[in-house]
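These values consider heavy atoms only, across backbone and side chains, with no hydrogens, waters or symmetry-generated copies. For ligands, and for the atoms within them, numbers begin at 1 and follow the listed sequence. Residue numbers count from 1 along this sequence.
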Amino acid sequence: MKFESMEDLFLGQVQDLYDAEQRLVKALPEMADAADSPQLRAAFEGHLAETRGHVQRLERIFIQLGKDPKGTTCEAMKGLIKEGDSVVSDMDQSPLRDAGLIAAANRVEHYEIAAYGSARTFAQTLGMTAAASLLEETLQEEKEADQKLTRLAEGMINNEALRMGASQAHTQAR
Ligand SMILES: [Fe+2]
Ligand SMILES: [Fe+2]
């Protein structure tokens, strides 16, 4: 499709996000399963429920645009999820892997924050106030998810991961 107007560009953004969110609906249960900390697992599960809502909000925007809901491959999200998969395969279930999972998930949230921020601004520019407020609602949930992950990392998981490394180094030294 050749983009010729702001409407086309906006639709393109929504299609990209639709694909990204659907990929996350599949990836988040795997990240929850891979988590060692019950709090991290709960955070992923909670954000999975929100993410299903993000898909539905995008579907409402497709309707407002008079288009069928259809995604276009989000190469960035594919890559970010692949990085999360390597965290799972490179480490055993542990606080160390949790720290890696959070680092991967923070990258996902930052991508979404950037994408929803742009899409919301496009919607405002086009005078699509209903779409703009749906996108703003999701944007706020992405920001909260990002902050929650950061708090988990700062609160416990990174320290435990550090202790793990220290005890391994100690064992090796003996
Ligand atoms: Fe999302
Ligand atoms: Fe998210």
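Residues satisfying the salt bridge (charged side-chain N to carboxylate O under 4.0 Å, His left out) test with Arg23, not counting sequence neighbours, are Asp19. Remark: Ser133 pairs with no residue by the side chain to side chain contact (heavy atoms under 4.5 Å, CB included) rule, at least two apart or across chains.
Within Glu109, the N, O or S atom lying nearest to the Fe ion (ligand 2) carries the name OE1. For Glu142, the N, O or S atom closest to the Fe ion (ligand 2) goes by the atom name OE1. Residue-level check: among N/O/S atoms of His54, ND1 sits closest to the Fe ion (ligand 1). Among heteroatoms of the N, O or S kind in Glu112, OE1 lies nearest the Fe ion (ligand 2).
The two residues Ala43 and Leu152 have their closest heavy-atom pair at CB-CD1, 3.9 Å. In terms of heavy atoms, Val25 sits closest to Leu48 at O-CD1, 3.6 Å.
The backbone N or O of Ala103 lies less than 3.5 Å from a partner atom in the side chain of Arg107, making a donor-acceptor pair.
In summary, Asp146 places no N/O/S atom under 2.8 Å from the Fe ion (ligand 2), failing the contact criterion. Counting backbone and side-chain atoms alike, Glu50 contributes no N/O/S atom closer than 2.8 Å to the Fe ion (ligand 1).
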